[in-house]
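The block underneath contains the structure these notes are about, expressed in structure tokens.
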Amino acid sequence: MSRNPGEPFPFARLMEVNEQRPSYPRSLVEMAYEQLLSMLVTMKIPPGAHIGIEALARQLKISQTPIREALTLLEAQKLAYKIPNVGFRAANLLTPEDIDALFEIRLMIEPAMAALAAERASEETLQALVSLSHAMAEAADGNDVAYAQFAEGDARLHHLVATASGNRFIAEAIEGLHVHLHIFRFLVNTNATRKALSEHQVLIDALLARDAAAAEAAMRAHLHASRQRMDSVMTADHEPELPVDDTATAKPSTRRGRPRRKAAATDPAD
Ligand SMILES: [Zn+2]
């Protein structure tokens, strides 16, 4: 399928999940990007760590050139950065101050954009949102690569809503934050994908109904819930001794094994 030239996520293929696979092999850059993205989003490459290009080339059985190109793309997403004469490092995690600032601006802008989108979105955009949501549902319980694709899908979904508002300057401002991949780095090992899916569904239903007030409320609720998930993770990381009373009955919440946290019970999405 064709992409808008200005689309910031060059390899987000979630929209194409149900389309026929191309008969030609994927480019090596794309393969390197996909693998590196999943390693960075799931923190298999820890924040701040040196990214060894030689070792990666051996591991992925490709040459160093596509890995360097993929890293340049990831640098544009602010997931990696280059130190001259040293090489690439994984981006650090957002600080609590960054998170405060990001959610502050998102809460100011995105609910209002969702309201405008309810009034202005084309039927084509609404159908694209529905398709994307289905593709994200399929990625929600997958492996590390699927998790990274879910994060890209979230970026694309918010991008679609922002663009549908019809104000491209605000849409670009939101995109420039590159916030989604960073948020999903925090939320790896949680049930964030399932929560986000149901919150997105409320939003999409409101957009389909052309209900501006409901779309605004749904976006606000989604952002508040996302913020609360971030806070839960940070609290859990800083208070490892906190007793968790549901471990006797609950299985680990995901395949990656971070224990389920009590705080999830207070999530407004529940
Ligand atoms: Zn979202």
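For ligands, and for the atoms within them, numbers begin at 1 and follow the listed sequence. Remember, predicted model here, so these are calculated numbers, not experimental data.
- Checked by atom type, the side-chain pair Y33/Q77 shows a donor-acceptor distance below 3.5 Å.
- Ordered by chain and number, D154 OD1, H158 NE2, H200 NE2, H222 NE2 make up the set of protein N, O or S atoms under 2.8 Å of the Zn ion (ligand 1).
- Residues R89 and G48 share a closest heavy-atom pair of NH1-O, 3.0 Å.
- Looking at D98 and H182, their side chains never bring a donor and an acceptor atom within 3.5 Å of each other.
- Remark: L56 engages L36, M39, I51, Q59, I67 in a side-chain contact (heavy atoms from CB on, under 4.5 Å) (not counting sequence neighbours).
- For the side-chain contact (heavy atoms from CB on, under 4.5 Å) criterion with S226, the lone passing option out of F184, F186, F103 is F103.
- Side-chain contact annotation: T125 with S122, donor-acceptor N/O pair under 3.5 Å present.
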